[in-house]
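Excluded from the calculations below are hydrogen atoms, water molecules and symmetry mates; all remaining heavy atoms, backbone and side chain alike, are included.
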Amino acid sequence: MAAVDFLVAVDSYPNPDDKIRSTSFQVQGGGNAGNALTCAARLGLSPRIISKVADDSQGKAILEELEADGVDTSFMVVSEGGHSTFSYVIVDNQAKTRTCIYTPGYPPMIPEDLSKSNLSSALDDVRFVYFDGVLQETELLSALVVAREAHRRNIPIVIDAESKRERVDDLLNLATYVVCSARFPQVWTEAPSIPAALVSVLLKLPNIKFVIVTLGEDGCMMLERAEAEDLQSEEIDVDELFKKMKQSIDTDATSATSISSDIAKLRAEGIGTVSGKLLLGTAEKIPPSELVDTTGAGDAFIGAVLYALCANMRPERMLPFASQVAGIGCRALGARAGLPQLTDPRLKPFLVNDPQNVATLL
């Protein structure tokens, strides 16, 4: 999705039939993929986006803003007539919440919009392909065309799994990495807990290397698959492991941090066992006076994960780095206004002293 967001901040969310005055107003680019790739571009990557807009004023604004941030829009589809995707976003200054009212673009993307030559060119020299999870039926079919070609070329695929939708399983079966919302793992697997759900995800999707679930102010959780030869012999209950790890988190830390278990056989009762390690990441504790808007925080997290994967960043550093990027973005109205450049001094602690991280070459 690439969209336009109409954002208003209010002192408190209105009651029915209220008339209230906004405290601030902005119009800026939005949409999961548009936001994530804008974040990736500001961190130094060179992303290309495949999406669809109309030839209206909003479509023109979407393209211009992406291009200004260094996102290649040459593979975007522009329809004659119709309207581009847009959202109204109400930010409650008091409760620190945001409410989104989303209107999908029309006409939606269809597989016929993607010519073989354009798709081939779009995937040339690509390190990763990322798909967001906000897809209408025909858009999902279009995404599958791209995903199957990427899979054929052995290009790793990152999926943003936001909600359970028809045919999303077809996309997930081609994934190499999955990043999902807090609700998705348990809804998709019907597991009783998030740790157990992550075990189930790895069992259901044997080709993925890791799954991350973002948990807002509670940080994130990651289950990374390990090779069989790295296994310890004893099985460990994943829910018990999670409880022990959670107790060892430094609750006084204000910056994003992470902790990792050893590689082990992780068992989810009634579900099965996988070999891997569990990681917990904390979110930055943002002072209330600095917290403006959480719109697009999950997209920023994914954009930072894309950078971390390209930079060969270890998971123990990737999680706090991505959380820090997301936290920085929450200090401005809208999904993109606060997204940092890689040179932002607030990111420096996460980019040094890591021999496996190419970002240290800055």
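- Residue pairs meeting the ring-ring contact (aromatic ring centres under 6.0 Å, His included) criterion with at least one member in residues 172-219, sequence neighbours excluded, are Y177-F210, F184-W188.
- Just one residue in the list T273, V274, T189 forms a side-chain contact (heavy atoms from CB on, under 4.5 Å) with V199, and that residue is V274.
- R153 and S120 form a side-chain donor-acceptor contact under 3.5 Å, judged by distance and modelled atom types alone.
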L347/L43 under side chain to side chain contact (heavy atoms under 4.5 Å, CB included): CA gap, chis, key distance, verdict: CA-CA 10 Å; L347 295 180; L43 293 174; 4.0 Å; yes
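- V8 is connected to V27 through a chain of hydrophobic side-chain contacts under 4.5 Å among Ile, Leu, Val, Met, Phe, Trp and Tyr, so both are in one cluster.
- Nearest heavy-atom pair across A182 and V213 is CA-CG2, 3.6 Å.
- Distance check, rounded to the nearest 0.5 Å: CZ of R148 to CZ of R152 gives 13.5 Å.
- Of the possible polar contacts, one joining the S115 side chain to the N118 backbone as a donor-acceptor pair under 3.5 Å is found.
- Between G281 and L319, the shortest heavy-atom contact is N-CD1, 4.4 Å.
- Inspection of the D132 and N32 side chains reveals no N or O donor paired with an N or O acceptor under 3.5 Å.
- At a threshold of 4.5 Å between non-hydrogen side-chain atoms, the residues R127 and L45 do not count as touching.
- Looking only at atom types and distance, the side chain of S142 has no donor-acceptor partner in the side chain of D113 under 3.5 Å away.
- A search for salt bridge (charged side-chain N to carboxylate O under 4.0 Å, His left out) contacts involving D239 returns nothing, not counting sequence neighbours.
- Contact of the D72 side chain with the S46 side chain is not registered, since no non-hydrogen atoms from C-beta on lie closer than 4.5 Å.
- L306 is listed as a side-chain neighbour of L37, based on a closest heavy-atom distance under 4.5 Å.
- Formation of a donor-acceptor pair under 3.5 Å by the S275 side chain with backbone atoms of A226 is found in this model.
- Annotation: the span from K52 atom NZ to T85 atom OG1 amounts to 10.5 Å, rounded to 0.5 Å.
- In terms of heavy-atom proximity, A196 sits nearest to A191 at C-CB, 3.9 Å.
- Side-chain atoms of T282 come within 3.5 Å of backbone N or O of T257 as a donor-acceptor pair.
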Would you please test L342 and L351 for side chain to side chain contact (heavy atoms under 4.5 Å, CB included) and show each step? CA-CA 9 Å; L342 192 62; L351 298 172; 3.6 Å; yes
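- K204 has its side chain out of reach of L172: every pair of non-hydrogen atoms, C-beta onward, lies at least 4.5 Å apart.
- In this structure, E284 contributes its side chain and T254 its backbone to no donor-acceptor pair below 3.5 Å.
- D55 meets the side-chain hydrogen bond (donor to acceptor under 3.5 Å, both in side chains) test with no other residue; sequence neighbours excluded.
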Apply side chain to side chain contact (heavy atoms under 4.5 Å, CB included) to L280 and F242, showing your working. CA-CA 8 Å; L280 303 183; F242 166 68; 3.8 Å; yes
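- The side-chain heavy atoms of M313 and Y307, taken from C-beta on, include a pair separated by under 4.5 Å.
- Taken from CG in L171 to NE2 in H151, the straight-line distance is 12.0 Å, to the nearest 0.5 Å.
- Under a 4.5 Å side-chain heavy-atom criterion applied to ILVMFWY residues, the cluster that includes L291 comprises I286 as well.
- Between M245 and M221, the closest side-chain pair of non-hydrogen atoms is not below 4.5 Å.
- Of all non-hydrogen atoms in N35 and G30, the two that sit nearest each other are OD1-CA, 3.2 Å.
- With hydrogens and angles ignored, the 3.5 Å screen pairs no side-chain donor or acceptor of R42 with any backbone N or O of T38.
- Judged purely by atom type and a 3.5 angstrom limit, D69 has no side-chain atom pairing as donor or acceptor with the backbone of V71.
- Both I159 and L203 belong to a single network of hydrophobic side chains, linked directly or stepwise wherever heavy atoms of I, L, V, M, F, W or Y lie under 4.5 Å apart.
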Test salt bridge (Lys or Arg N to Asp or Glu O under 4.0 Å) on E316 and K277 and set out the steps. CA-CA 11 Å; E316 292 84 354; K277 62 180 180 179; 2.8 Å; yes
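- The side-chain hydrogen bond (donor to acceptor under 3.5 Å, both in side chains) search around S84 returns D56, not counting sequence neighbours.
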Hey, mind stepping through L63 and V78 against side chain to side chain contact (heavy atoms under 4.5 Å, CB included) and telling me if it holds? CA-CA 10 Å; L63 296 176; V78 181; 4.1 Å; yes
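- E235 contributes no side-chain N or O that, together with a main-chain N or O of R267, makes up a donor-acceptor pair within less than 3.5 Å.
- Applying the 4.5 Å side-chain rule to ILVMFWY residues, one finds L7, V89, V91, L333 in the same cluster as V292.
- Side chains of C220 and S323 form a contact here, defined as non-hydrogen atoms less than 4.5 Å apart.
- The distance from the OG atom of S181 to the CG atom of L215 is 9.5 Å, given to the nearest 0.5 Å.
- Residue R225 comes nearest to L205 through the heavy atom pair NH2-O, 2.9 Å, listed as atom of the first residue, atom of the second, then distance.
- In this structure, CG in L114 is found 5.0 Å from CE in M109, a value given to the nearest 0.5 Å.
- In terms of hydrophobic clustering, with Ile, Leu, Val, Met, Phe, Trp and Tyr side chains grouped at heavy-atom distances under 4.5 Å, I212 and F350 are assigned to a common cluster.
- Listed for the T23 side chain is a donor-acceptor partner under 3.5 Å among the backbone atoms of A9.
- The main-chain N or O of I157 is found under 3.5 Å from a side-chain atom of T176 such that the two form a donor-acceptor pair.
- One hydrophobic cluster holds both Y13 and F25 under the rule that ILVMFWY side chains link at heavy-atom gaps under 4.5 Å.
- Taking CD1 from I90 and CG from D293, the interatomic distance works out to 12.0 Å, rounded to the nearest 0.5 Å.
- In this structure, I110 is not a member of the same hydrophobic cluster as L119, with clusters built from ILVMFWY side-chain heavy atoms closer than 4.5 Å.
- Of the possible polar contacts, none joining the S12 side chain to the Q94 backbone as a donor-acceptor pair under 3.5 Å is found.
- By the 4.5 Å heavy-atom criterion applied to side chains, Q58 and V53 are not counted as neighbours.
- The two atoms that bring P108 and Q136 nearest to each other are CB-NE2, 4.0 Å, heavy atoms only.
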